[in-house]
Amino acid sequence: MAKSHSHHIVPASQGGWNVKRAGSGKAIIHTETKKQAVDLGREISRNQETEFVIHGKNGVIQQKNSHGNDPRNIPG
């Protein structure tokens, strides 16, 4: 199994928000608010040095952050 290189904040179908590893159908963490999910997800992403992707309620990506695993080779 390949190592996942990103964590995503996504709306949960049952309400609230989930922190998920890319490619996984199961949530790592479920929270009531998006802020809680973002705070916990960012901490996980920093610890595991992954890309961090925040989605809106409609599923569209709102923000991306690299925490040590920047796929681009652009200085700066």
Side-chain angles (χ1 to χ4, degrees):
M1 179 183 226
K3 180 182 175 189
S4 170
H5 295 291
S6 63
H7 287 89
H8 296 253
I9 304 302
V10 295
S13 59
Q14 72 275 21
W17 293 84
N18 288 333
V19 179
K20 288 184 158 184
R21 185 181 312 259
S24 175
K26 187 175 180 182
I28 298 170
I29 297 171
H30 174 79
T31 65
E32 292 300 315
T33 69
K34 185 174 182 179
K35 181 177 180 349
Q36 291 170 322
V38 168
D39 291 346
L40 293 168
R42 190 177 309 279
E43 184 177 339
I44 291 168
S45 180
R46 283 182 178 150
N47 288 338
Q48 296 185 16
E49 298 181 340
T50 62
E51 289 291 306
F52 184 57
V53 184
I54 302 170
H55 297 260
K57 280 189 177 184
N58 60 0
V60 174
I61 294 173
Q62 294 179 325
Q63 183 178 2
K64 285 184 173 183
N65 298 105
S66 176
H67 294 122
N69 188 27
D70 196 344
R72 297 183 300 161
N73 293 325
I74 301 170

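The structure presented is a predicted model; accordingly, all values stated were derived computationally and were not measured.
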Testing the basics here: between Asn58 and Val60, what is the closest heavy-atom pair and its distance to 0.1 Å?
OD1-N, 3.1 Å
Would you name the heavy atoms of His30 and Gly15 that are closest together and state the gap between them?
CE1-O, 2.8 Å
Could you report the tightest heavy-atom contact between Trp17 and Ala37, atom names first, then the distance?
CB-CB, 3.7 Å
Paired with Ile54, the side chain to side chain contact (heavy atoms under 4.5 Å, CB included) test is passed by just one of Lys64, His7, Arg42, His8, namely Arg42
On a heavy-atom basis, the closest approach of Arg21 and Ile28 is N-CD1, 3.8 Å
Main chain of Thr50, side chain of Ser6: is a donor-acceptor contact present, judged purely on distance under 3.5 Å?
no
Nearest non-hydrogen partners of Asn18 and Ala27, listed with the distance
CG-CB, 3.6 Å
With heavy-atom distances below 4.5 Å as the criterion, would you say the side chains of His55 and Lys20 are in contact?
no
When rounded to the nearest 0.5 Å, the distance separating CD of Gln62 from CD1 of Ile9 is 11.0 Å
Locate the shortest heavy-atom distance separating Phe52 from Val38; write the atom from each residue and the value.
CZ-O, 3.5 Å
Which residues satisfy the salt bridge (Lys or Arg N to Asp or Glu O under 4.0 Å) test with Lys35, sequence neighbours excluded?
Asp39
